[in-house]
S.K.: 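Take a look at the following structure, please.
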Amino acid sequence: MNTTDADVSNPSAGASVSDQVGGAILRALSLAVAAQELPSGLVLPSQITLERPKNRDHGDYATSVALALAKPAEMAPRAVAEVLRTYLLADHEVKSVISAVEIAGPGFLNITLARAGQGAIIAAILSEGEIYGHSRALGGVKINLEFISANPTGPLHLGHTRWAAVGDALGRVLSAAGAEVTREFYINDRGNQMELFGASLRAAAQGVAVPEDGYHGEYINEIAGQIKSAHPEYLTLPDVQSLDAFRDAGYALQLADQQRVLEGFRTHFDIWFSEKSLYENDFFKHCLDRLRAQGHVYEEGGATWLRTTDFGDDKDRVMIKSDGAFAYFASDSAYYISKRERGFEICIYMLGADHHGYVNRLKAIAACAGDDPNYNIDALIGQLVKIMENGEELKLSKRAGTIITLEELVEKVGVDAARYTLIRYPVDTPMVMDVDVLRSRTNENPVYYVQYAHARICAVLRNASDLGITYGVDQIHAELLENDRERELIGALAEFPRVVAGAAELREPHRIARYVEELAGIYHRFYADCRVLPMGDEAATDLHRARATLCSATARVIANSLALLGVSAPEKM
RNA sequence: GCGCCUGUAGCUCAGUCGGAUAGAGCACUCGCCUUCUAAGCGAGUUGUCGCAGGUUCGAUUCCUGCCAGGCGCGCCA
């Protein structure tokens, strides 16, 4: 399918070994049809999905195409497989890559790679370096990735932290898959919450009781104190100006604080988007006109509504309240239209489980704007995170002041462990972080397991250099790497580009973590069985150089994986 | 009531765009540091993949119903 497009900027897109094998199977199919060994009317698949068999006796790759085609071809599955095998083995283009094709079970085709195919994998990793694993799977699609979007009225807490880690990793993964990604943080800088925030700050500064429905944490006193000492005159302003002054000053401090904390957490945003800006320069009016032109806006009871029930929402939503104020939904609608008018094809929203009810109305906005909600909007729902320490759950309560902030979590376990742990679970399952485990240095703590593998390889390579052993693209010697552990390791390294592409398409960065854990395990086993460097005064051989080269390729893939997660790959531990 | 998510080994969880004997860590037992990082490796034990139907050559994976748990259903933001 994509074997003919040589993409210079991205070699792995066009020439990976599995692509070559898949292409060969497609050729075999068409040749067989042309030769009438398969029925001429047979509809062939557009691409072949190869899987890596769990059982290693089943070769390096397996495909079930023969099973799938048996029925339409009105042939026995194994007979289809037999035809395929014959043509596959006769294909000159893959002769150097494939060494054996076997038919097994009900009609699986098990394919074993030739040594040259294995060498090509190592060569690709070493020559592509940091971009090994990148692809054109999402070929240039413009994606707006919005995550966290916390109110600028307090510190980021544990719930935001999951999105900070996962959202950032997803951004990296989407980019690696060739998408053009803009990471965006939506700032709710208008509305009642902001007014309450301002009122709470001023009350704290005045030393009077904070409004019942206002903000109460200890941080409110701190910020109020900061504002008061910097601008004592705020307290003497007329009431309205005074409230505005406290609100704006508090907002600036909180926003700056969130930005600082997130940068420290290695989570970067391209755009900090102000909700307020949606109402500047008649932009909101423009959005309303556009929705009205599509015929989904109406007035009732003095309010302006969007008829979202036209597109599966439970009830219509108010945009402009009867008192003339803009409802939050007005912003949601305008924000979506802004994203689309800024050229984003796909808008990804990362929402907490407590907001999952928004998905339908968000999709309805897209539909009301004349878009395809199932393509233009991609809503990811994240379940809640619990945190345990000393065997007890740390409860999150703003009232009791026991809120766990992102910063506190990082102080407890560090950025690497926090990010890694938050990313390694699918977001739609609730998760529990155990602080004690995250501080431990054992197999229980996967981030150390993976980082240790990287550090271990770096140590071996340092020793290799000390011994004057050269390794690299010209020292692959794939024909010498015949141990099962070596084959298994190479096979895992070859998987990486597909894992990245899959994680991007499914929006599941945790797949990268699970992959790299498996890779680390395979490396540790290789290391236990295959001595890399010469012992004692033993002379260095090509096998030593070949293994050192394989180590170097493995370190590259582990480092690339961790880079996608925003986790460091230490050279020493 | 309606909607979303979850239910896999004693525990914490992977896996599932349908595939060949269902995986990892923890826990438990026993081995491996006189040469590359033992933060490691190896061996052993553990399953009605919530329950019941359906589609299929094949279902833990897809569909329907049910059971259990979590969450959400404002002219709040």
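Labels below follow one simple rule: chain letters A, B, ... track the order of the sequence lines, proteins then strands, and each chain is numbered from 1.
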S.K.: Enumerate the protein-to-nucleotides 56-62 of chain B contacts in which both atoms are nitrogen or oxygen and the separation is below 3.5 Å.
M.R.:
unit_1 : atom_1 : unit_2 : atom_2 : d
C57(B) : OP1    : K71(A) : NZ     : 2.5

S.K.: What's the gap between A22(B) and U60(B) when it is taken at their C1' atoms, as a whole Å value?
M.R.: 8 Å
S.K.: Hey, does the side chain of K321(A) come within less than 4.0 Å of G74(B)'s phosphate (OP1/OP2), counting only N and O?
M.R.: no
S.K.: Between atom CZ in F108(A) and atom P in A20(B), what is the gap in whole Å?
M.R.: 6 Å
S.K.: Rounded to whole Å, please give me the gap between NZ in K315(A) and C1' in G3(B).
M.R.: 15 Å
S.K.: Can you tell me the distance, in whole Å, between the OH atom of Y471(A) and the C1' atom of C36(B)?
M.R.: 13 Å
S.K.: Looking only at atom P, what distance separates G58(B) and G1(B), rounded to whole Å?
M.R.: 37 Å
S.K.: Both distances below 3.5 Å, Watson-Crick or wobble geometry, any strand: find the nucleotide opposite U64(B).
M.R.: A52(B)
S.K.: Distance check needed: A24(B) P versus E518(A) CD, whole Å only.
M.R.: 10 Å
S.K.: Could you work out the separation of C5(B) and G18(B) based on their C1' atoms and round it to a whole Å?
M.R.: 23 Å
S.K.: Please determine if R456(A) forms a cation-pi arrangement with Y523(A), meaning its NZ or CZ atom is less than 6.0 Å from the six-membered ring centre and no more than 45° off the ring axis.
M.R.: no
S.K.: Rounded to whole angstroms, how far apart are CG on D428(A) and P on C4(B)?
M.R.: 14 Å
S.K.: Just N and O in the side chain of H510(A): are any of them under 4.0 Å from OP1 or OP2 of G15(B)?
M.R.: yes
S.K.: Just the table, please: protein N/O against nucleotides 42-44 of chain B N/O, every pair under 3.5 Å.
M.R.:
unit_1 : atom_1 : unit_2  : atom_2 : d
G42(B) : OP1    : R525(A) : NE     : 2.9

S.K.: I want to verify a distance call: between A38(B), U6(B), A39(B), whose nearest atom is closest to the R456(A) side chain?
M.R.: A38(B)
S.K.: Does NZ or CZ of K339(A) lie under 6.0 Å from the centre of the six-membered ring of Y349(A), at an angle within 45° of the ring axis?
M.R.: yes
S.K.: Tell me the interatomic distance from E102(A), atom CD, to A20(B), atom P, rounded to whole angstroms.
M.R.: 18 Å
S.K.: If you check every side-chain atom of S322(A), which of C75(B), C76(B), A14(B) has the closest atom?
M.R.: C75(B)
S.K.: Taking the C1' atom of each, how far is G7(B) from G44(B), in whole Å?
M.R.: 30 Å
S.K.: Which of the following nucleotides, U35(B), A20(B), C13(B), is nearest to the side chain of N110(A)?
M.R.: A20(B)
S.K.: So, using side-chain hydrogen bond (donor to acceptor under 3.5 Å, both in side chains) as the criterion, who are the partners of N483(A) when residues are at least two apart?
M.R.: none
